[in-house]
Amino acid sequence: EVQLVESGGGSVQAGGSLKLACAVSGFTFGRFTFDDYAIGWFRQAPGKEREGVSCIMVSDGSTSYTDSVKGRFTISSDSAKNTVYLQMNNLKPEDTAVYYCAADPLGYCTGSYFPNGYAMDYWGKGTLVTVSS
C-alpha cells in the first residue's frame with residue numbers, strides 16, 4: 001500500500017519561509033514507481049474548502065501552481081528519496097492551513113486530479129502551517 005507522510009510544517013511570521021516534504025513509500029510490490037506519479041500539494045484552512053496549491057508530474061518535472069502562490073512557492077521532486085518538496089517563501093497569514101500531499105500513478109496535474117484533487121488515489125494525513133501577521 002502506498003503511503004504518504006508530510007513533514008516540515010510549523011509556525012512562522014509573515015514573510016518567513018518553510019519547506020514541506022512529502023515522503024512516498026510502498027512501491028516495492030506495485031506496478032508503478034515513484035517516477036510514474038502525479039503528486040500534488042493541497043491545503044485546507046478552517047471553515048474553507050480544500051484547494052490545490054501545486055502539483056508535479058515526477059516523470060518530466062512539469063509543474064502547476066494556483067495563482068495565489070505563483071512566484072512564492074516552488075514544488076520539486078527527488079526520485080532518489082521518493083520525496084516531493086514544497087518550498088514556501090514570503091508566507092502570508094492567508095497561507096495558514098493544513099497542507100496535504102496526494103498522489104496518483106495514473107494522474108495528471110489537471111482536471112479532477114489538480115486542482116480539485118478528487119481523483120487522487122493516495123493522501124497523507126497533513127501538516128499544519130500557521131503564519132502570523
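Positions are given from 1 along the sequence.
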Polar side-chain atom of Glu6 near backbone of Gly126 as donor-acceptor pair, under 3.5 Å = yes

Who are the side-chain contact (heavy atoms from CB on, under 4.5 Å) partners of Asp67, not counting sequence neighbours?
-> Lys70

What is the minimum heavy-atom distance between Ala14 and Pro93, and which atoms define it?
-> CB-CD, 4.1 Å

Mind checking whether Phe42 and Trp123 have parallel, tilted or perpendicular rings, split at 30° and 60°?
-> tilted

Identify the heavy atoms of Phe32 and Asp36 that sit nearest to each other, and give their distance.
-> CA-OD2, 3.3 Å

Distance-minimising heavy-atom pair for Gly124 and Tyr100 = O-CD2, 3.6 Å

When rounded to the nearest 0.5 Å, the distance separating OH of Tyr85 from CH2 of Trp41 is 10.5 Å

For Leu86 and Ser54, the nearest pair of non-hydrogen atoms, with its separation, is CD1-CB, 4.0 Å

With no hydrogens and no angle check, is any side-chain donor or acceptor of Asn116 less than 3.5 Å from a backbone partner on Tyr118?
-> no

Checking Thr83 side chain against Lys81 main chain: does a donor-acceptor pair fall under 3.5 Å?
-> yes

Residues in side chain to side chain donor-acceptor pair (under 3.5 Å) contact with Glu51, at least two apart in sequence or another chain = Arg43

Using the ring of each side chain (for Trp, its six-membered ring), is Tyr108 parallel, tilted or perpendicular to Tyr113, with breaks at 30° and 60°?
-> perpendicular

Is atom CD of Gln13 surrounded by more than 12 heavy atoms (other residues, nucleotides or ligands) closer than 6.0 Å?
-> no

Any residue meeting side chain to side chain donor-acceptor pair (under 3.5 Å) with Asp78, in chain and number order, not counting sequence neighbours = none

Got more than 12 heavy atoms from elsewhere within 6.0 Å of CD, Gln44?
-> yes

For the student: nearest non-hydrogen atoms of Met57 and Ala38, plus distance = SD-CB, 3.5 Å

How many angstroms lie between atom CD of Gln87 and atom OG of Ser17, to the nearest 0.5 angstrom?
-> 5.5 Å

Can you find a heavy atom in the side chain of Thr127 that is under 4.5 Å from one in the side chain of Leu20?
-> yes

For the residue pair Asp35 and Thr33, confirm or rule out a side-chain donor-acceptor distance under 3.5 Å.
-> no

Measure the acute angle between the ring planes of Phe73 and Tyr99, then classify it against the limits of 30° and 60° as parallel, tilted or perpendicular.
-> tilted

Quick one: closest heavy-atom pair of Tyr65 and Thr74, and the distance?
-> OH-CA, 3.3 Å

